[in-house]
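These notes concern the structure reproduced below.
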Amino acid sequence: MPTQRITKKRNTHRNIVLALITGLMLSGCVGGQLGKHNSNEYRNGMVVSASPLASKVGLGILKKGGNAVDAAVAVQFALAVVYPNAGNLGGGGFMVYRAASGETNSLDFREKAAALSSRDMYLDSAGNAITDKSLYGHLAAGVPGSVAGMVEAHQKYGKLKWADLIEPSIELARNGFKVSARQARELNGLKETFTEFNPDGTAFLKAGDWTEGDVLQQQELANTLEQIRDHGRAGFYEGAVADSLIAEMQRGQGIISKEDLKNYKAVWRKPTIGNYKEYKIITMPPPSSGGIALLQLLKSVETYPLKRWGLNADSTVQLVVEAERRVYADRAAYLGDPDFFKVPEQQLLDNAYIKNRMSNFSWNKATPSAQVKEGNLNGREHEETTHFSIVDRDGNAVSITTTLNGSYGAAVVVKGAGFLLNNEMDDFSVKPGTPNMYGLVGGEANAIAPGKRMLSSMTPTIIEKDGKLFMVVGTPGGSTIITSVFQTILNVIEFDKSMQQAVSAKKFHHQWLPDEVYTEENTLDSLTMLKLKAKGYNIIPRGSIGRVDAILKTKWGYYQGGADPRGDDSIAAW
Ligand code: GLY
């Protein structure tokens, strides 16, 4: 397909997404559910996810005696059915876990580049990046990790029977569920794309338009889930489902092979852990950049009197922006898959190093990003990831962020198996050292190599205070993930917000390049804007930043949820 056509489609897609976000903000949907969530605190367990149906599935598992990991496995599969924008079987993600005993762990089920991938696979003969190939269609997909991840998580920590965790999703796929108004709009907006990439049709296409309340049934996905229920890992990476995936690759000139599927392994990794004041931050290590960047940000602002300045005061915004500028510059140079690139984690988190990075920051004027050297930012990052947070009665906690990358991934539904291919290959630096269409430059650390995991920003995080569980937090949002998690944490710890208020609060974002401060509408008052502009900050309003789903444990031992009103997100608790 000609690049120009796909670019147009991508732009149309992006415009639809922006229009949806703007429409929702103008229609007052933002913040709609606050009161209800705010007043609710629970003792026995809580699930906060992007979908009320998925949260309900998770709660059902908790009530059946399942622990937080059981519930997380069930929610991951449920989201693949009821939130196919980002919930997935064909994508990947990260889990951060903290047991009630204080044991911590993290699981990397990020996708990998296929064995036949190569550093220059998205370049034309003149060496120019054909970026659309990493965004749409079969070649955009990395080897999926989600099913292997869930099997690993369940084998290590699960309590209930595996089949019991998949059954609710099979029912949802087989009998269908009612699409929300938001989902109907999104599906209608993608009709042309789905038709193009799925010439034989998919469950996401129907005659006429989708409207709120229409039932979406996914029979092929239900069959695939049954294979996973009955055969675990082999039900996806081998047998009929794997055959369908390979046939799909052959139809669309994709390169994932049977060997790639068989060889895929999710990896337990030592979480990245650091302190902010009296809080212990347990977060995701590479191949996510999120954990290291989050700790760098927290350490960069730790010694300043944020509480006295207040939320979104000019000094607060300036400090946070300057910290973000420096941290995102580091992110691009030094972060990549640790199995392929030595990530200098200790140096990046060294207190003296961070102090030194902040030493050239001036209160009088913005530091131009051009003067902040170190590395290059990874290319376009998509915002259609999803996060869920879960706690159980015993105090075990799970924080999972999972993704197909773009909304509905590569837009290809595997024929006969009913799940979407991811377009995660676009998270690699398609052409290291060369600016992409947004003026961002990719780093060598994140160049494509067979079997390598693409760099991520996903930041599933758990926080302890005084040795006890304090918060479970995470969000989708591409490059804005790190700043959204950072600001949500500050909102609670520094600005005394409830979990729901912290999640709902407007966010702002800076990522070094481009040298712009993005703000959700009405984040900053006009005087603050004037002051910051006078110092040289280029402030650009935009739609939603982040979609945080989080849980706070109060000092009285209750769970307090924060479900992001920017989406259909929902708390289920008892
Ligand atoms: N695909 C978004 C991320 O991994 O950061």
Side-chain angles (χ1 to χ4, degrees), residues 10 13-14 17 50 76 79 83-88 90-96 106-113 131 134-136 140-146 149 266-267 269 272 283-294 324 327-328 331-332 335-338 377-388 399-411 420-430 436 438 440 442-443 445-446 448 452-461 473-486 509 511 544-548:
R10 191 186 54 230
H13 182 173
R14 189 183 320 122
V17 172
Q76 170 81 29
L79 285 168
Y83 190 65
N85 324 45
N88 65 82
F94 299 121
M95 168 172 118
V96 173
S106 76
L107 180 62
D108 167 0
F109 53 100
R110 181 73 161 162
E111 301 93 322
K112 293 176 96 162
T131 49
S134 62
L135 280 168
Y136 284 96
V143 183
S146 290
V267 187
R269 298 190 188 274
T272 293
T283 185
M284 195 65 211
S288 182
S289 61
I292 289 179
L294 174 66
E324 289 175 353
V327 167
Y328 274 81
R331 173 197 186 275
L335 275 294
D337 182 346
L377 194 65
N378 175 38
R380 303 158 302 276
E381 283 210 54
H382 288 266
E383 304 208 349
E384 292 290 343
T385 296
T386 191
H387 176 84
F388 54 97
S399 186
I400 287 187
T401 314
T402 182
T403 188
L404 289 164
N405 197 21
S407 188
Y408 296 89
L420 280 148
L421 295 180
N422 67 77
N423 59 344
E424 216 72 62
M425 290 297 285
D426 196 61
D427 270 355
F428 277 116
S429 299
V430 166
N436 68 8
Y438 297 102
L440 302 178
N446 191 31
I448 303 171
K452 188 173 175 181
R453 288 169 152 97
M454 53 296 283
L455 186 63
S456 170
S457 294
M458 294 189 284
T459 314
T461 297
V473 61
T475 183
S479 58
T480 70
I481 288 175
I482 301 163
T483 47
S484 300
V485 170
F486 172 48
H509 172 72
Q511 57 176 41
S544 296
I545 296 180
R547 193 166 156 179
V548 180

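Everything numeric in this text was worked out from a predicted model, so none of it was measured. Heavy atoms only: backbone and side chains are in, while hydrogens, waters and symmetry mates are out. Atoms within each ligand, like the ligands themselves, are counted from 1 in listed order. Quick note: residue numbers are just sequence positions, from 1.
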Residues that A293 engages under side-chain contact (heavy atoms from CB on, under 4.5 Å), provided they are two or more places apart: V327, I482
T386-N85 side chain donor-acceptor pair, cut-off 3.5 Å: no
Flag side-chain contact, heavy atom, 4.5 Å: I292 against P286: yes
M454 touching ligand 1 at heavy-atom level, < 4.0 angstrom: no
All salt bridge (charged side-chain N to carboxylate O under 4.0 Å, His left out) counterparts of E424, not counting sequence neighbours: R110
Can you list the ligand 1 atoms lying under 4.0 Å from a non-hydrogen atom of [X]?
{"X": "R110", "result": "4 (O)"}
{"X": "S457", "result": "3 (C), 4 (O), 5 (O)"}
{"X": "N405", "result": "1 (N), 2 (C)"}

